[in-house]
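Quick notes on the structure that follows.
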Amino acid sequence: MNEQNNENKLIEGEDFYYTPEGYKCFTEKHHLKRGYCCKSGCRHCPYGYDKKTGTNKK
């Protein structure tokens, strides 16, 4: 019951990758699949959110 559905399953290299420090970093493709900006200042944010100003650039 705790298994993710196939449509929600994250695929390494497509939806995320691990940084040299060991953190999981989500890709632009994953953010677009999710469909909204989380306003966390993500490295690959396709929505253009700037964490310093709290606004979207795009």
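By convention here, the first residue in the shown sequence is residue 1.
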Step-by-step ring-ring contact (aromatic ring centres under 6.0 Å, His included) determination, Y17 to H44: CA-CA 11 Å; Y17 62 91; H44 301 291; 5.7 Å; yes
Gap separating the [atom1] atom of [X] from the [atom2] atom of [Y], nearest 0.5 angstrom:
X: R43; Y: H31; atom1: CZ; atom2: NE2; result: 10.5 Å
X: E14; Y: K33; atom1: CD; atom2: NZ; result: 5.5 Å
X: E21; Y: T19; atom1: CD; atom2: OG1; result: 4.0 Å

Kindly give the heavy-atom pair with the smallest separation between Y47 and L32, and that separation in Å.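 It is OH-CA, 3.8 Å.
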Over all atoms of both residues, closest heavy-atom pair of K9 and D15: O-OD2, 3.8 Å
Quick one: side chain to side chain donor-acceptor pair (under 3.5 Å) partners of S40, sequence neighbours excluded?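 With neighbours one apart ignored, the set is empty.
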Checking Y49 side chain against C42 main chain: does a donor-acceptor pair fall under 3.5 Å? no
Hey, is the main chain of E12 close enough, under 3.5 Å, to the side chain of Y18 for a donor-acceptor pair?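 No.
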Could you tell me which residues satisfy side chain to side chain contact (heavy atoms under 4.5 Å, CB included) with D50, sequence neighbours excluded, listed by chain and number?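 D50 satisfies side chain to side chain contact (heavy atoms under 4.5 Å, CB included) with K52, T53, K57 once adjacent residues are dropped.
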Counting only heavy atoms not in R34, do more than 12 fall under 6.0 Å of its CZ?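 Yes, enclosed.
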